[in-house]
Amino acid sequence: QVQLVESGGGSVQAGGSLRLSCRASGYTGSTSCVGWFRQAPGKEREGVAGIASDGSTNYTDSVKGRFTISQDNAKNTLYLQMNSLKPEDTAMYYCAAGRTSAGSCPARVTRFLAYRGQGTQVTVSS
């Protein structure tokens with residue numbers, strides 16, 4: 001089992017920045033793909049970013065150049081730095097972890113991973 005706890009959400013104005021954190025505990029060695037997905041009210045879950053065990057990263061097109069995913073293995077912590085935030089980024093953001101058959105971690109698969117946190121709300125006002 002892997003436990004994930006997110007933090008760092010909040011309310012910002014358009015153009016602002018936030019950094020989300022996700023602390024992992026448990027059998028983290030069982031995962032090869034970690035990342036973030038989000039869900040806005042009335043919308044489907046959307047994979048935002050993923051990072052594979054080899055360190056390769058992947059982003060959904062709408063956040064490329066604005067968001068950066070990273071991890072600190074010593075602290076078992078995953079981060080999502082979000083810059084130039086837009087109102088359309090408003091959503092509940094979830095940290096997720098799991099294994100993928102190919103060993104890669106495309107952003108689109110993060111919403112299907114086995115483990116996820118409770119979510120942290122990000123609200124961007126115009």
Side-chain angles (χ1 to χ4, degrees):
Q1 288 289 333
V2 176
Q3 293 79 43
L4 302 170
V5 179
E6 303 97 334
S7 61
S11 297
V12 296
Q13 290 191 327
S17 298
L18 283 173
R19 189 177 81 156
L20 306 183
S21 299
C22 173
R23 183 72 184 271
S25 60
Y27 188 41
T28 56
S30 65
T31 61
S32 62
C33 172
V34 292
W36 297 89
F37 68 91
R38 63 188 179 187
Q39 187 167 25
K43 294 188 177 181
E44 293 186 355
R45 292 174 180 173
E46 178 188 27
V48 175
I51 185 166
S53 55
D54 66 357
S56 58
T57 59
N58 185 265
Y59 301 89
T60 192
D61 286 346
S62 64
V63 308
K64 285 180 180 177
R66 300 188 298 121
F67 291 11
T68 302
I69 188 172
S70 62
Q71 60 184 1
D72 184 331
N73 291 327
K75 296 181 178 179
N76 279 344
T77 302
L78 181 70
Y79 302 100
L80 185 68
Q81 178 67 45
M82 304 186 296
N83 298 329
S84 302
L85 282 161
K86 303 176 181 180
E88 51 263 44
D89 295 317
T90 295
M92 185 72 81
Y93 283 71
Y94 298 86
C95 172
R99 296 193 68 86
T100 60
S101 58
S104 60
C105 193
R108 66 181 183 276
V109 307
T110 56
R111 57 196 169 133
F112 301 120
L113 295 176
Y115 305 104
R116 61 191 62 167
Q118 82 289 348
T120 186
Q121 179 67 39
V122 171
T123 302
V124 185
S125 58
S126 58

Q. With side chains defined as the heavy atoms from C-beta onward, is the minimum distance between Asn83 and Ser17 less than 4.5 Å?
A. yes
Q: Determine, step by step, whether Val122 and Leu20 satisfy the side chain to side chain contact (heavy atoms under 4.5 Å, CB included) criterion, reporting the C-alpha distance in whole Å, the side-chain angles of both residues, the deciding distance to 0.1 Å, and the verdict.
A: CA-CA 9 Å; Val122 171; Leu20 306 183; 4.0 Å; yes
Q.
With a 4.5 Å cut-off on side-chain heavy atoms, are Glu46 and Ser62 touching?
A. yes
**Q.** Non-hydrogen atoms of Gln71 and Ala52 that approach each other most closely
**A.** NE2-O, 4.3 Å
(Q) If you apply the rule side chain to side chain contact (heavy atoms under 4.5 Å, CB included), what do you find for Phe112 with Arg45, and how did you get there? (A) CA-CA 9 Å; Phe112 301 120; Arg45 292 174 180 173; over 6 Å; no
Q: Output yes when a side-chain donor or acceptor of Glu6 lies under 3.5 Å from a complementary backbone atom of Gln118, and no otherwise.
A: yes
Q: Please say which of Ile51, Val48, Thr110 ends up in a side-chain contact (heavy atoms from CB on, under 4.5 Å) with Ile69.
A: Ile51
Q.
Whether Lys64 and Asp61 form a salt bridge (side-chain N of Lys/Arg under 4.0 Å from carboxylate O of Asp/Glu) is what I want to check.
A. yes
Q. Does Asn58 use its side chain to pair, donor to acceptor, with the backbone of Ala107 at less than 3.5 Å?
A. yes
Q) Run the side chain to side chain contact (heavy atoms under 4.5 Å, CB included) check on Trp36 and Leu78 step by step: do they pass? A) CA-CA 9 Å; Trp36 297 89; Leu78 181 70; 3.4 Å; yes
Q: Say whether, by atom type as modelled, one donor and one acceptor occur between the side chain of Ser32 and the main chain of Ser53 under 3.5 angstrom.
A: no
**Q.** Parallel, tilted or perpendicular: ring planes of Tyr94 versus Phe37, cut at 30 and 60 degrees
**A.** parallel
Q) Looking at CD of Gln1 and OG of Ser25, how far apart are the two atoms once the value is rounded to the nearest 0.5 Å? A) 10.5 Å
Q: Could you tell me whether the side chain of Arg116 and the main chain of Arg111 form a donor-acceptor pair under 3.5 Å?
A: yes
Q: Kindly compute the distance separating OG (Ser126) from NZ (Lys86), expressed to the nearest 0.5 Å.
A: 13.5 Å
Q.
Quick one, Tyr79 and Arg19 - any side-chain contact, counting heavy atoms below 4.5 Å?
A. yes
Q: Test side chain to side chain contact (heavy atoms under 4.5 Å, CB included) on Val63 and Met82 and set out the steps.
A: CA-CA 9 Å; Val63 308; Met82 304 186 296; over 6 Å; no
Q.
Strictly distance-based, threshold 3.5 Å: is any side-chain N or O of Thr120 a donor or acceptor partner for the main-chain N or O of Ser7?
A. no
Q. Quick one: does Gln121's side chain get under 4.5 Å of Thr90's, heavy atoms only?
A. yes
Q | Spacing of CE belonging to Met92 relative to OG1 belonging to Thr123, to within rounding of 0.5 Å | A | 9.0 Å
Q. Is Arg66 atom CZ crowded by more than 12 heavy atoms from other residues, nucleotides or ligands, each under 6.0 Å away?
A. yes
Q. For Ser125 and Pro87, which heavy atoms make the closest approach, and how far apart are they?
A. C-CG, 4.5 Å
